[in-house]
Amino acid sequence: MAIYLTKESKVLVQGMTGGEGMKHTRRMLAAGTNIVGGVNPRKAGRTVDFDDRAVPVYGSVADGMRSTGADVTVVFVPPAFAKAAVIEAADAGIGLAVVITEGIPVHDSVAFTAYARAKGTRIIGPNCPGLITPGQANAGIIPADITKPGRIGLVSKSGTLTYQLMYELRDIGFSTCVGIGGDPVVGTSHIDCLAAFQDDPDTELVVLIGEIGGDAEERAAAYIRDHVTKPVVGYIAGFTAPEGRTMGHAGAIVSGSSGTAAAKKEALEAVGVGVGRTPTETARLVLDRLEATREATGDVTHS
């Protein structure tokens, strides 16, 4: 099992014929992703060869969906065209749009996330690494060779920290890893992923990676308190960040005590989430929680 993305997913790539689109389409194919087409209205009707795979190019998302049954699109278009690309995908009725593009104006993100939600399209991102279900499919730019299939679910604001925790816990493995993005407006939240992992029978523990700024992690803590029965381990980036200064992602700004790493850590620990101060310490907490859970349930079938 997995959340949002499986080996059955049929994936389009908007912007596949551009430099980044070409590079990452090749990597996604190598990871086993069922990429069924690219989208570029100026190159419709052509095919692009990726090693031993020829991928057709369609003039629109709707054309691609009609021809292939695609249910996922990955967006690699420049920031100025991202809003139109997502709205096109939502109008076509795609189920999941993974928006990798960074630098999208916030007012565009507000518009297309609201539009997609109204149309029933889930947005991952923008400004995110995408998501991966190891051994099944990879939609985005997450390296596919740093972990293996397993029973940990991961949701993260940070792409780099997603990769690091995947690597730190590579011997355990992951059900699905979701990079939701760190912009002020994102289409899928920590809470959305927590709910999906809670319902996934093959996810045993959830790792939640947050960062300074905003209140997403505090809201996630309240949701965990009321709805999540599986163990959760957290990591918050930014313990040493100075107050009142933007750090990294556009959403990572701290004002006074609001949005600090310490405040987020306190909120999560108050609902039973173990929070590490470094990625390595976080990985150790995961191992400790897994061992404690399995001893309590008498489950010794997983290593």
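Closest non-hydrogen pair, A70 versus I94, comes out as O-CD1, 3.7 Å. Across every non-hydrogen atom of S175 and F197, the tightest pair is OG-CE2, 3.8 Å. Residues F112 and I104 approach most closely at CE2-CG2, 4.0 Å, considering heavy atoms. Taking both residues in full, the closest heavy atoms of E102 and P79 are given as O-CG, 3.3 Å, listed atom of the first, atom of the second, then distance. Nearest heavy-atom pair, G274 versus R289, reported as atom, atom and distance to 0.1 Å: N-NH2, 3.3 Å. In this structure, A220 and H190 approach most closely via the heavy-atom pair CB-CB, 4.0 Å.
Summarising the local packing, CD of Q198 is surrounded by more than 12 heavy atoms from other residues, nucleotides or ligands at distances under 6.0 Å. By the 6.0 Å contact criterion, CD on E266 is open, its count of non-hydrogen atoms from other residues, nucleotides or ligands being 12 or less. Atom OH of Y223 has more than 12 neighbouring heavy atoms from other residues, nucleotides or ligands inside a 6.0 Å radius.
Listed for the S9 side chain is a donor-acceptor partner under 3.5 Å among the backbone atoms of T6. Side-chain atoms of K230 come within 3.5 Å of backbone N or O of T203 as a donor-acceptor pair. A distance-only check finds no donor-acceptor pair linking the side chain of D183 to the backbone of V185 [under 3.5 Å]. Without hydrogens or angle criteria, T113 side chain to V110 main chain gives a donor-acceptor distance under 3.5 Å. Remark: the backbone N or O of K10 is not paired with any side-chain donor or acceptor of N34 at under 3.5 angstrom. Here the side chain of E88 pairs a donor or acceptor atom with the backbone of V61 at under 3.5 angstrom. With hydrogens and angles ignored, the 3.5 Å screen pairs no side-chain donor or acceptor of K264 with any backbone N or O of I236.
Interatomic distance, K157 NZ to N127 CG, rounded to the nearest 0.5 Å: 12.0 Å.
Among T33, L5, N138, the single residue meeting the side-chain contact (heavy atoms from CB on, under 4.5 Å) criterion with T133 is L5.
Side-chain heavy atoms closer than 4.5 Å link hydrophobic residues (I, L, V, M, F, W, Y) into clusters, and following such links, even through other members, never connects V77 to L12. Hydrophobic cluster membership is shared by L268 and I180, with clusters built from Ile, Leu, Val, Met, Phe, Trp and Tyr side chains linked at under 4.5 angstrom. Connection of V86 to Y4 is not established within any shared hydrophobic cluster, with ILVMFWY side chains joined at heavy-atom distances below 4.5 Å, either directly or through further cluster members. Hydrophobic clustering places F50 together with V72 (ILVMFWY residues linked when any side-chain heavy atoms are closer than 4.5 Å, directly or through intermediates). V74 and V186 fall into different hydrophobic clusters, defined by Ile, Leu, Val, Met, Phe, Trp and Tyr side-chain heavy atoms under 4.5 Å apart, directly or through other members.
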Under the side chain to side chain contact (heavy atoms under 4.5 Å, CB included) criterion, do S156 and Y235 qualify, and how do the steps go? CA-CA 9 Å; S156 174; Y235 174 68; over 6 Å; no
